[in-house]
Amino acid sequence: MTNSNPESQEARTVSNFLRDQMAEDVLAKKYGDAIVQTRFPPEPNGYLHIGHAKAICIDFGLADEFGGRTNLRFDDTNPEKEEQEYVDSIMTDVRWLGFKWDRLCYASDYFGQLYEWALQLVKAGKAYVDDLTADEIRQYRGTLTEPGKDSPYRNRSVEENLGLFLRMKSGEFPDGSRVLRAKIDMTSPNLNMRDPVMYRILHASHHRTGDDWCIYPMYDFAHGQSDSIENVTHSMCTLEFADHQPLYRWYIEQLGIFPSQQIEFDRLNLTYTLLSKRKLLQLVQEGRVSGWDDPRMPTLSGIRRRGFTPEALRAFCASIGASRTNGTTDIEVLEHFQRDDLNRRATRAMAVLNPLKLVIDNYPEGQEELFEVVNNPEDPAAGVRQVPFSRIVYIEQDDFREVPPPKYFRLSPGKEVRLRAAYFITANSVLKDADGNVVEVHCTYDPASRGGNSPDGRKVKSTLHWVSDAHAVSAEIRLYDKLFTKADPNDYAEGESFLSNLNPDSLTVLTGAKLEPSLANAKLGDRFQFERVGYFCLDRDSTEGKLVFNRTLSLKDSWAKIEKKAGS
RNA sequence: UGGGCGAUCGUCUAAUGGUAGGACAGUGCCCUUUGGAGGCACUUGUCUAGGUUCGAAUCCUAGUCGCCCAGCCA
């Protein structure tokens with residue numbers, strides 16, 4: 001159930017086959033008067049990423065639309081990979097995205113019931129204990145094109161199977177020595193039906209059940225039944241599980257339990273983004289990024305630290321919908337929804353990332369003025385603030401060119417521009433260092449243009465942001481770019497790996513930025529638009545004496561586009 | 001060479017036998033005290049070949065291409 005967010009635009013929800021199916025089932029009373037019940041079933045073996053956000057929006061969002069409920073269920077049947085740290089982060093991320101689960105469940109809550117059901121199948125002659133090694137099981141399974149062969153242990157008596165399974169459970173056998181398998185069909189064209197393993201022996205401590213068990217159910221023997229136990233009506237999962245659906249149904253039918261329905265949809269893929277838990281883990285473990293919440297990571301914690309908002313993520317997910325087509329969504333779409341959200345909500349401020357000193361020669365020395373600036377032109381309710389001005393201000397190095405290229409509207413010798421909300425100024429001369437770099441620009445201002453107005457109707461082609469030298473606060477600015485240089489990070493040459501597609505310039509740290517004084521009061525979670533530059537948020541690395549801002553996204557920059565075109 | 005699933009603008013996604021539409025990206029113009037935002041316009045698509053039908057993206061047949069499956073992972 002979402003906290004539908006009023007200030008987020010009604011994220012045009014696209015029709016999709018999942019919603020259609022649900023509507024049809026509700027109308028046909030497929031489950032009688034029972035409510036729509038869904039679940040979000042992550043395995044706690046890693047951090048959630050943007051791909052999970054799509055699944056979360058589908059699981060929670062759709063149930064909510066039909067007045068149903070959603071459980072958060074940890075699919076924790078493999079104690080060797082799962083940890084409490086991941087459970088905690090997943091709960092944090094789901095809540096942050098704006099969803100509230102009905103019940104908090106764990107597959108491990110059902111270990112007792114699952115064991116009873118395994119016993120039931122053994123007694124019915126539908127399951128048997130196999131002594132084959134893992135290697136032998138693989139050989140007996142056959143291949144994609146050849147049928148498998150029956151295990152020599154397949155026809156053990158019910159009594160023998162019962163005895164053996166009991167002893168498996170009581171810990172008499174070492175890991176890997178035996179498994180419990182369903183007796184289905186070794187010649188099935190669907191490999192999942194070739195006597196799938198139901199239980200394996202694992203003398204491992206489980207993050208919740210400790211050492212209570214030394215046998216653990218496989219995904220296939222746990223997921224459908226867990227859905228059934230929770231009366232899940234629509235069990236949405238990704239496409240790669242489609243081949244498992246016959247088995248999902250087989251267990252439910254053999255056991256005669258609530259018939260949950262599995263429905264598959266396409267996984268999210270994004271350009272320039274890796275969404276594989278294994279590879280993300282590798283990036284973290286090898287120190288290629290600073291951690292799971294590195295702002296360049298596609299994890300929800302990384303995205304959050306970067307400054308992305310749950311509202312934007314939800315709008316993005318609503319817009320991409322769901323289908324059964326494998327595709328790759330342009331990262332631009334995500335960025336569009338984030339800019340759209342931030343444009344409407346972010347407080348504006350002026351910050352100069354790469355300062356260039358601008359001296360206003362005819363402005364009285366020692367004089368100060370306060371100019372009133374709107375906090376957000378998109379939102380009058382955001383009010384205004386006072387920004388101090390004085391004789392020496394900083395402007396962006398990019399905003400001055402001694403020799404302006406064509407179509408360059410910013411400051412250059414002899415040109416007049418507006419300092420936002422302050423005055424019109426005209427550049428006169430420059431000071432250079434020994435290397436010939438411009439280090440100081442001298443200009444004159446027009447007192448009649450106070451407030452940035454043009455009393456005589458005179459136009460300037462450009463408005464620059466600025467920060468008063470005497471009042472500036474310093475900050476570290478972290479500029480993030482794509483983590484990978486290729487749209488498909490997995491497109492690498494022979495003998496290389498996805499690591500060779502890592503973008504060496506994905507992080508640029510600026511230490512000399514000058515900010516308007518109001519930014520000294522920024523709090524964690526505040527979001528700003530640094531005018532003409534981009535969207536920024538305070539990073540948690542900030543300390544009392546040191547501000548650190550993350551760039552969430554740059555603003556769309558049509559000058560950069562002109563420059564690029566001219567250059568190519 | 002088995003089985004499952006899929007194929008609609010560059011990308012993602014609608015149209016459920018009846019005008020192929022939207023979003024992102026792109027291009028041009030307008031507007032602008034953010035070269036931001038906004039507005040207007042434009043461009044581009046039903047995998048192929050047959051068939052059914054008054055009418056097909058949709059139904060049928062045959063191809064082609066793509067993804068997934070041979071963990072005691074999920």
Side-chain angles (χ1 to χ4, degrees), chain A residues 12 14-17 20 41-43 45 75-78 80-82 130 132-134 137-139 141-148 175-181 188-194 196-202 216 218-220 222-223 237-246 264 266-267 271 277-278 319-337 339-340 343-344 348 350 373-374 377-378 407-410 418-422 424 449 451-454 460-465 529-534 554-562:
Chain A
R12 214 174 21 269
V14 175
S15 153
N16 71 53
F17 77 104
D20 293 348
E43 183 190 11
N45 69 341
D75 227 329
D76 56 350
T77 56
N78 185 354
E80 295 181 323
K81 292 188 177 171
E82 295 149 8
D130 197 344
L132 253 28
T133 63
I137 286 182
R138 189 181 327 120
Q139 280 158 21
R141 185 156 33 229
T143 68
L144 292 179
T145 52
E146 303 156 42
D175 287 3
S177 57
R178 277 174 237 264
V179 291
L180 182 73
R181 301 178 72 177
S188 172
N190 182 342
L191 294 274
N192 295 119
M193 300 300 271
R194 319 239 262 227
V197 172
M198 295 163 59
Y199 270 94
R200 76 281 215 186
I201 301 172
L202 241 35
Y216 290 92
M218 298 288 290
Y219 165 84
D220 283 307
H223 201 97
C237 63
T238 44
L239 248 21
E240 68 269 24
F241 290 99
D243 287 340
H244 294 245
Q245 195 176 143
E264 310 88 14
D266 61 327
R267 193 180 261 284
T271 55
K277 273 191 193 174
R278 205 201 96 233
S319 90
I320 58 173
S323 73
R324 294 180 65 91
T325 319
N326 283 307
T328 303
T329 299
D330 242 303
I331 188 80
E332 308 258 9
V333 181
L334 207 213
E335 294 178 350
H336 161 79
F337 280 98
R339 286 196 180 96
D340 187 52
N343 176 49
R344 277 178 286 107
R348 268 66 239 247
M350 290 197 283
V373 187
V374 294
E378 305 293 320
K407 291 184 184 166
Y408 184 86
F409 301 147
R410 284 117 94 148
R418 169 169 32 235
L419 291 183
R420 167 116 229 222
F424 281 18
S449 63
N453 297 307
S454 174
V460 288
K461 299 213 59 160
S462 183
T463 298
L464 309 186
H465 61 280
Q529 184 199 100
F530 291 175
E531 292 208 40
R532 303 207 310 132
V533 178
S554 64
L555 244 28
K556 285 211 282 184
D557 185 349
S558 46
W559 167 245
K561 203 179 283 182
I562 292 170

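Quick note: numbers below take in every heavy atom, side chains included, and nothing from hydrogens, waters or symmetry partners. Note on naming: letters A, B, ... go to the chains in the order of the sequence lines (proteins, then strands), and numbering restarts at 1 for each one.
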What interatomic distance, in whole Å, is found between [atom1] of [M] and the corresponding atom of [N]?
N      : M      : atom1 : answer
C68(B) : U53(B) : C1'   : 36 Å
C69(B) : A56(B) : P     : 39 Å
A57(B) : C9(B)  : C1'   : 14 Å
A20(B) : A15(B) : P     : 16 Å
C65(B) : C47(B) : P     : 16 Å
A14(B) : U19(B) : C1'   : 15 Å
G26(B) : U43(B) : C1'   : 9 Å
G3(B)  : G18(B) : P     : 33 Å

Under 4.0 Å, heavy atoms only, any strand: does [X] hit a base, just the sugar-phosphate, or nothing?
X         : value
Asn343(A) : base
Tyr216(A) : nothing
Arg194(A) : nothing
Leu419(A) : nothing
Ser558(A) : sugar-phosphate
His223(A) : nothing
Thr328(A) : sugar-phosphate
Asn192(A) : nothing
Arg418(A) : base
His465(A) : nothing
Tyr408(A) : base
Ala422(A) : nothing
Val179(A) : base
Leu202(A) : nothing

Minimum heavy-atom separation for Lys277(A) to Asn45(A), with atom names?
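For Lys277(A) versus Asn45(A), the nearest heavy atoms are NZ-OD1, 2.5 Å.
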Below 4.0 angstrom, N of the basic side chain to O of the carboxylate: do Asp340(A) and Arg344(A) qualify?
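So Asp340(A) pairs with Arg344(A) through a salt bridge.
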Thinking salt bridges, do Arg420(A) and Glu531(A) make one under a 4.0 Å N-O criterion?
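A salt bridge is present here (some side-chain N lies under 4.0 Å from a carboxylate O).
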Classify the ring geometry of Phe241(A) against Tyr219(A): parallel below 30°, tilted from 30° to 60°, perpendicular beyond 60°.
tilted
Where the chi angle of G71(B) falls, syn if within 90° of 0 and anti if not
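Syn conformation for G71(B).
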Quick one: does Ile137(A)'s side chain get under 4.5 Å of Arg141(A)'s, heavy atoms only?
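The answer is yes, as the side chains (C-beta and beyond) meet within the 4.5 Å cut-off.
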Of all the choices, [options], which nucleotide is nearest to the side chain of [X] once you look at every atom?
X         : options                : value
Leu144(A) : C69(B), C12(B), C24(B) : C69(B)
Asn16(A)  : A23(B), A14(B), A15(B) : A14(B)
Asp340(A) : G36(B), U1(B), G38(B)  : G38(B)
Glu240(A) : A14(B), C72(B), C68(B) : C68(B)
Val197(A) : C72(B), G36(B), G2(B)  : C72(B)
Arg532(A) : C67(B), U34(B), A23(B) : U34(B)
Thr325(A) : G26(B), U8(B), G2(B)   : U8(B)
Asn453(A) : U1(B), U33(B), A70(B)  : U33(B)
Arg200(A) : G35(B), G36(B), C72(B) : C72(B)
Met218(A) : U8(B), A74(B), A14(B)  : A74(B)

Within the pair [X] and [N], is there a side-chain N or O less than 4.0 Å away from OP1 or OP2?
X         : N      : answer
Lys277(A) : C73(B) : no
Ser319(A) : U13(B) : no
Arg324(A) : C5(B)  : no
Arg138(A) : G71(B) : yes
Arg141(A) : G71(B) : yes
Arg420(A) : U32(B) : no
Arg181(A) : C72(B) : no
Lys556(A) : A25(B) : yes

Distance criterion of 3.5 Å, no angle test: do you see the side chain of [X] paired donor-to-acceptor with the base of [N]?
X         : N      : answer
Asp243(A) : G3(B)  : yes
Glu332(A) : U11(B) : no
Arg410(A) : G35(B) : yes

Please determine, for [N], whether a Watson-Crick or G-U wobble partner exists with both distances under 3.5 Å, and give it or none.
N      : value
A62(B) : U48(B)
C24(B) : G10(B)
G2(B)  : C69(B)
G55(B) : none
U34(B) : none

Taking the nucleotide of RNA chain B with the closest heavy atom to each, which residue, Glu146(A) or Thr463(A), is nearer the 5' end?
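The residue closer to the strand's 5' end, by nearest nucleotide, is Glu146(A).
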Contact nearer the 5' end of RNA chain B, comparing Glu378(A) with Phe17(A)
Phe17(A)
What do the steps show when you test Val373(A) against Arg348(A) for side chain to side chain contact (heavy atoms under 4.5 Å, CB included), and what is the final call?
CA-CA 9 Å; Val373(A) 187; Arg348(A) 268 66 239 247; over 6 Å; no
Please confirm whether the backbone N or O of [Y] pairs with a side-chain atom of [X], one donor and one acceptor, at under 3.5 Å?
X         : Y         : value
Asp130(A) : Val179(A) : no
Arg339(A) : Leu555(A) : no
Thr238(A) : Glu240(A) : no

Check Val197(A), Thr77(A), Asn78(A) against Met218(A) for a side chain to side chain contact (heavy atoms under 4.5 Å, CB included) and give me the one that passes.
Val197(A)
Report the distance from atom CD1 of Ile201(A) to atom P of G71(B), rounded to the nearest whole Å.
19 Å
